[in-house]
Each structure stands twice: as structure tokens, then as C-alpha cells.
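I have placed the structure first, in the form of C-alpha cells, so that the comments after it can refer back to it.
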Amino acid sequence: TTGADSTTALGYMAMNEAGEFSEGNTALGAESQRFSSSSECFYNTSVGTGSLYKGGGSWNNMFGVNAGYGLTGGSHQNCGFGFNSVSFDGNSISDSCNGFGNNTLAQADNCQSCCAFGTNSQTNGINSSNNSSFGNDSLTNLDGGNNNTTMGYSSVSNYYLNESNNIIIGNLGTTGDSGIIRIGNTG
């Protein structure tokens, strides 16, 4: 179907409940942007079954099954490529987050300006901001930390709470790190 406000949907129940505050959206795939009437939704692109399922705010681009699934009206300028990327099961508000790989930023609730590259990178990105992770399974458990840069497979898998302001390359990190640089493993 094509809406009066430059809105295009293709797929079973895609944009099924597009409301009057929905404009310039493109939804391709079953149940893509299904509940876009629940809030203001402008200029979103979603490709894949269940992508941007809950509507998704504005200027979001999601490609993959369930990509951006839980993003709601307060979410802006997010980009996800891969199954369940930049997603959340509840009602999530996230801004300027980018996930490239399956399950990147999969729990991105109240996540701001985070970048995750690699399968399962930043899967638990709740209440976090300005984190960058590069590598499969990197920064997977962090909940609430900010300003971290990580690189390498499973790097920083030991962060669980508010670890912040760290640069970690090829190291698991240590719970409680703050303002630390770690490169490689010793021994």
C-alpha cells in the first residue's frame, strides 16, 4: 500500500496501524513498522520481518529480521543492520545508535550515541552512551557505562555496571575499571 503522505508498505500487516502522524516511511516485510500510529513516525526505512515493529520514531534505518523491534516514538537517527540489531523487547528510546551484525545493541534501551560492530557486540547496551565496540562478543555485558572504546573478540566481557572512560584492545577488562587503557593480555 502507499499512503497519502509518501508512505510505502509492502508485506503482511506492514504499517498496519499507520496513523495521522506518520509520513515518509518505507516498510518492507511482514509486520514491519506495524504499530507506527502509537507516536510520531517520520522518514523511517525498515526492511525485514518485524523491523521497527513498534513504530520507531524518526529518521531510523533498520535492515534485518526484528531490527529496531522495540524502538518507539522518542527514538531518532538509529541504524541497524542484522537480525535483532538496535532492538529491545519493551518500549525503547534510543538516539544515534548504530549496530552492524546480528544482536548488536539488542537491548538498546535508553542508549545514546553508541556504535557496535560484530555479532553480539553491546548486546546489553542499557542506559549507556558514547560506547564504541568492534569485534564479535565485545562489550556484551555492560549496563550503564559510558565513553568506552573496545576492540577485539570478546573484549571487555568483564564489564557489568558503570565502567566508564576506558580504552580496551584485546583484553577482557576488569570489573570496576574507570579511566583505564588495557592492550592485550599478560602472560
Side-chain angles (χ1 to χ4, degrees), residues 1-128 131 133-143:
T1 59
T2 301
D5 294 320
S6 302
T7 297
T8 302
L10 178 62
Y12 173 75
M13 297 187 86
M15 296 190 76
N16 187 52
E17 296 185 28
E20 62 181 299
F21 300 109
S22 182
E23 178 180 321
N25 298 298
T26 301
L28 303 174
E31 298 188 308
S32 182
Q33 295 185 47
R34 180 170 180 191
F35 293 103
S36 57
S37 66
S38 59
S39 58
E40 295 181 359
C41 300
F42 300 105
Y43 308 107
N44 294 303
T45 300
S46 59
V47 178
T49 299
S51 57
L52 282 174
Y53 181 82
K54 295 198 175 178
S58 301
W59 303 287
N60 296 298
N61 296 291
M62 298 294 153
F63 301 89
V65 174
N66 290 340
Y69 180 90
L71 295 179
T72 57
S75 298
H76 306 291
Q77 299 174 345
N78 296 293
C79 190
F81 292 87
F83 169 77
N84 207 35
S85 60
V86 193
S87 192
F88 189 71
D89 289 335
N91 292 318
S92 175
I93 297 176
S94 294
D95 291 318
S96 302
C97 290
N98 298 288
F100 299 89
N102 293 340
N103 291 315
T104 55
L105 291 160
Q107 296 295 319
D109 187 27
N110 195 29
C111 181
Q112 310 298 317
S113 301
C114 290
C115 292
F117 295 85
T119 298
N120 297 323
S121 183
Q122 291 189 56
T123 53
N124 197 34
I126 300 171
N127 299 317
S128 299
N131 292 310
S133 57
F134 303 88
N136 291 352
D137 300 316
S138 60
L139 205 61
T140 56
N141 299 313
L142 184 67
D143 182 2

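Residue numbers run from 1 in the order of the sequence given. These numbers were taken from a predicted model, which means no experiment stands behind them.
A distance of 10.0 Å separates CG of Leu105 from OG of Ser87, quoted to the nearest 0.5 Å. Rounded to the nearest 0.5 Å, atoms CD (Gln107) and CD1 (Ile126) are 5.5 Å apart. Distance check: Tyr43 OH to Gln77 CD gives 14.0 Å after rounding to the nearest 0.5 Å. Taking CG from Leu52 and OG from Ser46, the interatomic distance works out to 5.0 Å, rounded to the nearest 0.5 Å. To the nearest 0.5 Å, atoms OH (Tyr69) and OH (Tyr53) are separated by 4.5 Å. The OG atom of Ser94 sits 9.5 Å away from the CG atom of Asn127 when rounded to the nearest 0.5 Å.
Heavy atoms only, all atoms of each residue included: Gly64 and Ser51 are closest at O-CB, 3.7 Å. Shortest non-hydrogen contact noted between Gly135 and Ser121 is O-CB, 3.8 Å. Taking every heavy atom of both residues into account, Met15 and Ala27 meet most closely at CG-CB, 3.6 Å. Residues Ala9 and Ala14 approach most closely at CB-O, 3.7 Å, considering heavy atoms. Across all their heavy atoms, Cys114 and Gln122 have their closest contact at CB-OE1, 3.7 Å. Shortest non-hydrogen contact noted between Leu139 and Ser133 is CB-CB, 3.9 Å.
Put simply, the residue from Asn61, Asn78, Thr7, Asn60 that forms a side chain to side chain donor-acceptor pair (under 3.5 Å) with Asn44 is Asn60. The ring-ring contact (aromatic ring centres under 6.0 Å, His included) with Phe100 is formed by just one residue from the set Phe83, Phe63, Phe81; it is Phe81.
No side-chain heavy atom of Ser32 sits less than 4.5 Å from a side-chain heavy atom of Val47. At least one side-chain heavy atom of Gln112 sits under 4.5 Å from a side-chain heavy atom of Asn110.
Remark: the Thr140 side chain and the Thr123 side chain contain no N/O donor-acceptor pair separated by less than 3.5 Å. For the 3.5 Å distance criterion, the side chains of Asn120 and Asp137 qualify, holding a donor opposite an acceptor.
Of the possible polar contacts, one joining the Gln33 side chain to the Thr26 backbone as a donor-acceptor pair under 3.5 Å is found.
Between Trp59 and His76, the ring planes are tilted. Angles from 30° to 60° get that label.
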